[in-house]
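So the structure is just underneath, and the comments pick up after that.
Below, chains carry the letters A, B, ... as their sequence lines are ordered, and counting in each starts from 1. Because the structure is a prediction, the values reported are computed rather than measured.
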Number of protein chains: 2
Amino acid sequence: MILIKIINTLHLLKRLSKYIKKLNTKKKTTIKDIANVLNISTAAVSKALHDDSRISKKTKKAVKQVAKNLNYQPNHLASALRKGKSNLVGVIVPRTNSNFFSSVIENIEEVLNKKGYNIIITQSNESYKKECSNIDTLLFTQVDGIIASMANETIDLEYYEKIKAKGIPLILFDRGENDLNVDYIGINDYESSHVIVEHLVSQGRKRIAHIGGYKHTRIFNNRIRGYVDALKKHGLPLDNELLLESSLTTADGRAKMAELLKLKNRPDAVYIAGDYAALGALQLLNELHIKVPEDIALVGFGNEPFTAMVTPTITSINQHSAEIGKQAALTFLEHAKKEVINQSLNKIILDAELIVRDSSNLKV
Amino acid sequence: MILIKIINTLHLLKRLSKYIKKLNTKKKTTIKDIANVLNISTAAVSKALHDDSRISKKTKKAVKQVAKNLNYQPNHLASALRKGKSNLVGVIVPRTNSNFFSSVIENIEEVLNKKGYNIIITQSNESYKKECSNIDTLLFTQVDGIIASMANETIDLEYYEKIKAKGIPLILFDRGENDLNVDYIGINDYESSHVIVEHLVSQGRKRIAHIGGYKHTRIFNNRIRGYVDALKKHGLPLDNELLLESSLTTADGRAKMAELLKLKNRPDAVYIAGDYAALGALQLLNELHIKVPEDIALVGFGNEPFTAMVTPTITSINQHSAEIGKQAALTFLEHAKKEVINQSLNKIILDAELIVRDSSNLKV
DNA sequence: AAATTTTGGTTAATCGTTTAACCAAAAAAT
DNA sequence: ATTTTTTGGTTAAACGATTAACCAAAATTT
């Protein structure tokens, strides 16, 4: 009995060594190699590796042992081709070097990796053209789903419709579009504006300006609407001079602030729909020795880390990037579970949080 | 003649419409569908789509037309499986939300996309464990190559050897290891320290401290060596109290600066091997109303955008992220061209550039 | 002891593309 | 008019894993 075991082991060793030699020639190990070593079919190997009930424990153990020895790594392409899914999820963001997006991505990855998915990250750099090419790339790579935040430039939705037409789950976050009728995760922009205006009013401000994003982008439109309605609510008049549309870059924030300073009747507070633009505005104010918040109070949006680094620190809105990432990933997983993909407008709206800092806080 | 053409066209239309119906049922078009419509073999279709010389112009045109009408998109998995390459390149970075890494990535992507490659970005979050799992993931996804910058924690190189063993090109940038014997792209860290020390000496500083990164990481080790040698060169004594090792996070930068301030004989300049740590140090100095640069001059490393945003702005080293990304991508392409992968230590070292800002510049 | 069920596999087709090897018909060369 | 070359394809076998359908032997039931 023991002798047989030893002989068997020796036999196995011999076969193994032959294959290990092959390994060194750099050809990757396949289930066929494992099958050959053990003199069983590739089907048995495949089943053993997936713990199929129709394979004996002994065989499973042997298969796994040999797989380890031969340093076997499953060929993802082959199984993906056969199963019709790639276990890859595409992510499109305007850019990765903003803290908001990189945090969203990190959390998407964390949730999806646990479920065996990998993500492919692409950047649109706020360009519609680049975004289209990203979509093509992702579809070409046979991703199982796409999680995206739209570029500033994007107005035409044709390319996104293409994703839907392919029957691939599409989930939008932050920068979305109602018209696409797909899942969306974001914060309550309309409400955020209210919170900001309320805060400024409580600080005694009477002439509150708003440097907003492009009106055609929903989130920025909501922030503008919120601003307008909040003014009304607090009995403040709406002055069109005080409502500007911007690309929200640092440079444009500076430029739009300069415009506001040219007015005969300057604002005493400025709410800017993006932190980078708020930074530009602050830099100009600092250079001109206009006191913040005493002369003009400043509020940004996004809670980028630098808002806590500059002087004075900038009041901003925390967008709950981690939660947005998680929810986006979970929403995708919901779709992935279902056989039929039934896309519909299903919004998850998170409450935003105002982080009050020096740029708007008069320490009385 | 014309009649025949019309009849042919009608015939084609009929076949097409049948397939367009099939399209709506969401099954993806394959070359088989195109072959059926035109009554030719799939091989001919494949060749036509790749502009093979053995296919007539007429057929090529027809194939391309039908492909367009059926909204054909090649199945990347199938071709990758057959050709034994995925046209995917894996990128591993400590994190994406630093401007340096996101810029490197952007440039890698730009170069590789043009050559038909896509990239998969993964983050290690400075953790060795996460880095290993990232490598597994990428190998599993059958990437054609890996471009990586190592996590702070990484000392053991076993996992990277695994990549080499697989015969997949590995290119390191910024954070590399000589022992791995693979291509490396980075800046001249040793020389950068010299430039910094020289600058501080020219500003009249006599006691220059250095908050460095972990000594086991090559780049940080080089910066330390450069610092030590540059002091010697300028006839300044090396005081061990002034040389600290740090994780270079914002919090640790602050902590290490606090240590330096406790010294009986304080430094009059501090060179910090990372911008985030320099920021932490600056925040502490500002809070304690220690004047920068009058009392203590500060120099960071990396030229992160916020160095130009804070007060005072921080002098730093520009690492040429764009160029590093491009060179890394080009190096990969070199390997991809060759049949046999012959990895060897092949360094591309770029000259770094000192950006002088307020934190070290006494305007006399 | 014969019939049935369970165990532990095997066989062969399949996913969509590529490609080596082959071939018939047309064109060119001798 | 025959041979050679070129043109424009076709056939069939991969790539590696999965899975539906099948089956022999062993175990269990009747």
Side-chain angles (χ1 to χ4, degrees), chain A residues 19 22-23 26-64 66-67 70-88 116 139-142 144 166, chain B residues 19 22-23 26-64 66-67 70-88 116 139-142 144 166:
Chain A
Y19 272 88
K22 204 175 157 189
L23 220 182
K26 243 161 212 176
K27 271 211 163 181
K28 282 147 199 164
T29 311
T30 70
I31 52 169
K32 210 169 169 178
D33 297 319
I34 300 176
N36 280 340
V37 172
L38 295 169
N39 253 333
I40 56 175
S41 70
T42 60
V45 175
S46 173
K47 283 179 186 160
L49 291 171
H50 289 86
D51 273 325
D52 189 294
S53 66
R54 304 182 88 75
I55 302 294
S56 71
K57 277 186 186 163
K58 204 170 62 179
T59 308
K60 279 182 192 170
K61 207 174 156 187
V63 166
K64 284 173 187 173
V66 174
L70 293 182
N71 198 14
Y72 169 73
Q73 283 228 279
N75 185 322
H76 175 253
L77 297 173
S79 80
L81 175 61
R82 177 61 227 258
K83 294 200 289 193
K85 55 179 293 201
S86 63
N87 272 46
L88 249 32
L139 292 179
F140 176 70
T141 317
Q142 314 287 124
D144 291 341
K166 285 262 164 196
Chain B
Y19 272 89
K22 203 175 155 191
L23 220 182
K26 242 164 214 174
K27 272 211 162 181
K28 281 147 200 163
T29 312
T30 71
I31 54 169
K32 210 169 172 178
D33 297 319
I34 301 176
N36 280 340
V37 172
L38 294 168
N39 252 334
I40 56 175
S41 71
T42 60
V45 174
S46 174
K47 285 179 185 161
L49 291 172
H50 290 88
D51 274 324
D52 189 293
S53 65
R54 303 181 88 74
I55 301 293
S56 71
K57 278 186 184 164
K58 204 168 64 179
T59 308
K60 279 182 192 169
K61 205 173 157 187
V63 166
K64 284 172 187 173
V66 173
L70 293 181
N71 196 16
Y72 168 73
Q73 283 230 280
N75 185 322
H76 175 254
L77 296 174
S79 81
L81 175 60
R82 177 60 227 255
K83 294 200 291 192
K85 56 178 293 198
S86 63
N87 273 47
L88 249 32
L139 292 178
F140 176 70
T141 318
Q142 314 286 125
D144 292 340
K166 286 260 164 199

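- Qualifying side-chain hydrogen bond (donor to acceptor under 3.5 Å, both in side chains) partners for Lys64(B), counting only residues two or more places apart in sequence or in other chains: Asp51(B).
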For nucleotides 18-25 of chain C, 5' to 3', base contacts (B), sugar-phosphate-only contacts (S) and non-contacts (-) with protein non-hydrogen atoms under 4.0 Å give BBBB----

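- For the OP1/OP2 pair of dC15(C) and a distance below 4.0 Å, the side-chain nitrogens and oxygens of Thr30(B) include no atom meeting the criterion.
- Looking at Ser86(A) and Leu77(B), their side chains come closer than 4.5 Å, going by heavy atoms from C-beta outward.
- Distance Gln142(A) CD to dC15(C) P: 15 Å, rounded to the nearest Å.
- As a whole-Å value, the separation of Leu70(A) CG from dG16(D) P is 14 Å.
- Contacts of Leu77(B) with the nucleic acid, taken as non-hydrogen atoms under 4.0 Å apart, are absent.
- Distance Asp52(A) CG to dT18(D) P: 11 Å, rounded to the nearest Å.
- In this structure, the CG atom of Asn87(B) is 20 Å from the P atom of dG16(C), given to the nearest Å.
- If you check every strand for non-hydrogen atoms under 4.0 Å, Ser41(A) touches a base.
- Take Lys85(A) and apply the side-chain contact (heavy atoms from CB on, under 4.5 Å) test, not counting sequence neighbours, and it matches Lys83(A), Asn87(A), Tyr117(A), Asp144(A).
- Residues that satisfy the side-chain contact (heavy atoms from CB on, under 4.5 Å) test with Thr59(A), not counting sequence neighbours, are Ile40(A), Ile55(A), Ser56(A), Val63(A).
- Not counting sequence neighbours, the partners of Ala62(B) by the side-chain contact (heavy atoms from CB on, under 4.5 Å) test are Leu38(B).
- Here the C1' atom of nucleotide dG9(C) and the CG atom of Asn39(A) are 14 Å apart, to the nearest Å.
- When the P atom of dG16(D) is taken as reference, atom CZ of Phe140(B) falls 15 Å away, rounded to whole Å.
- Atom pair Gln73(A):CD and dG16(D):C1' shows a separation of 14 Å (rounding to whole Å applied).
- One end of the helix from dA1(C)-dT30(D) to dT30(C)-dA1(D) points its axis 50° away from the other end's axis, with each axis taken from 5 pairs and the angle rounded to 10°.
- We find that NZ of Lys61(B) is positioned 18 Å from C1' of dG8(D), with the value rounded to whole Å.
- Contact of the Lys28(B) side chain with the Asn75(B) side chain is not registered, since no non-hydrogen atoms from C-beta on lie closer than 4.5 Å.
- Contacts of Ala67(B) classified as side-chain contact (heavy atoms from CB on, under 4.5 Å), with partners at least two apart in sequence or in another chain: Ile34(B), Leu49(B), Tyr72(B).
- Lys47(A) meets the salt bridge (charged side-chain N to carboxylate O under 4.0 Å, His left out) test with no other residue; sequence neighbours excluded.
- Among the heavy atoms of the strands lying under 4.0 Å from Thr59(A) are primed sugar atoms or P, OP1, OP2 only; no base atom is included.
- At least one donor-acceptor pair closer than 3.5 Å links the side chain of Lys60(B) to the backbone N or O of Asp52(B).
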